Amino acid sequence: MTGPALPAGFFDRPAALVARELVGCDLRIHGVGGPIVETEAYDRTDPASHSFAGPTRRNASMFGPAGHAYVYRSYGLHWCLNLVCQPGSAVLIRALEPRHDLAAMAARRGLDDPRRLCAGPGRLCQALGVTDAEDGLLLDRPPFALSLGTPDGSVVADRRIGLTRAVETPWRFLVAGSRFVSRPVPRARAKGRADA
DNA sequence: CTGCCGATGCCCT
DNA sequence: GGGCATCGGCAGC
């Protein structure tokens, strides 16, 4: 059973807003997945975004209609899943809590530890079986299933991970204190101390 | 626990 | 040819 469907037009909004609201939503692919605990936003004006320099073959899905998947290969080894928002913008799904069909995830990952099954965009795609076969697919029908949910804790914003440009933009959203995120907010910033 | 490093494909200039 | 929206292993606190 799944929760309430996402409202129509949910993805046709600025990516940062969608990214925050996606935390807590349940994501499954072929029935495998769970509640999202970590996301990142990217948009057309963002130097760190694949869309920054305009449409190319790789990022074609990012410039298509909202509500589709954008999947790309990272570092030649891993797949990363994005949910497309307004043209040229998308939300990277970085981590979720493994809840549905853990056996499938463990088999694909070759691991057992629930904390490591889906903690990171590449790991998550491996666990859920996402490849470029999903690039461009609509999100409101199989193999995808997305439903509203409530985060298991407060949602906090922090800098994105692994970037070389626009490193300060606070467009990573995660459940504070979740054991399933790829990386917690560093103590120095978690306390609300001065930023740089 | 933290941090460095290499692997490895491919897009884009 | 340069540069990655990453990950796992291993070294060293």
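Worth saying up front: this structure is predicted, and the values here are computed from it rather than measured. Each chain gets a letter, A, B and so on, in the order the sequences are listed, and its residues count up from 1.
- In this structure, the OH atom of Tyr70(A) is 10 Å from the P atom of dC11(B), given to the nearest Å.
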**Request:** Evaluate side-chain hydrogen bond (donor to acceptor under 3.5 Å, both in side chains) for Ser51(A) paired with Asn59(A), printing each intermediate quantity in order.
**Result:** CA-CA 7 Å; Ser51(A) 60; Asn59(A) 66 24; over 6 Å; no

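- Remark: Arg13(A) qualifies as a cation-pi partner of Phe10(A) under the 6.0 Å distance and 45° angle criteria applied to the six-membered ring.
- Note: CZ (Arg159(A)) to C1' (dA5(C)) measures 16 Å, nearest angstrom.
- The side chain of Thr164(A) contributes an N or O atom lying less than 4.0 Å from OP1 or OP2 of dC4(C).
- With distances taken from any side-chain atom of Tyr75(A) to the nucleotides dC7(C), dC4(C), dC10(B), the minimum falls on dC4(C).
- Taking atom OH of Tyr42(A) as the reference point, atom P of dC4(C) lies 12 Å away to the nearest angstrom.
- Using N1 to N3 plus N6-O4 or O6-N4 for Watson-Crick, or N1-O2 and O6-N3 for G-U wobble, each under 3.5 Å, dT8(B) pairs with nothing.
- Among the protein residues, Arg109(A) comes within range of the sugar-phosphate backbone only, with heavy atoms under 4.0 Å from sugar or phosphate atoms but none that close to a base.
- For Tyr72(A) and His50(A), the distance between ring centers is under 6.0 angstrom.
- Residue Arg57(A) has its side chain nearest to dC11(B) when only dT6(C), dC11(B), dG8(C) are considered.
- Remark: C1' of dC7(C) and CZ of Arg123(A) are 6 Å apart, rounded to the nearest angstrom.
- In this structure, CH2 of Trp79(A) is placed 15 Å from C1' of dA5(C), rounded to the nearest angstrom.
- Salt bridge Asp46(A)/Arg160(A): present, at least one basic N to carboxylate O contact under 4.0 Å.
- Using a 4.0 Å cut-off, no side-chain N or O of His78(A) falls inside it from OP1 or OP2 of dC7(C).
- Looking at heavy-atom distances under 4.0 Å, Arg160(A) makes no contact with the nucleic acid at all.
- We find that CZ of Arg183(A) is positioned 14 Å from C1' of dC1(B), with the value rounded to whole Å.
- The distance between atom CG of Leu77(A) and atom P of dC11(B), rounded to the nearest whole Å, is 15 Å.
- Side-chain atoms of Ile36(A) and Phe180(A), non-hydrogen and from C-beta on, never get closer than 4.5 Å to each other.
- If you check dG9(B), dC4(C), dA5(C) against the side chain of Arg73(A), the one that comes closest is dG9(B).
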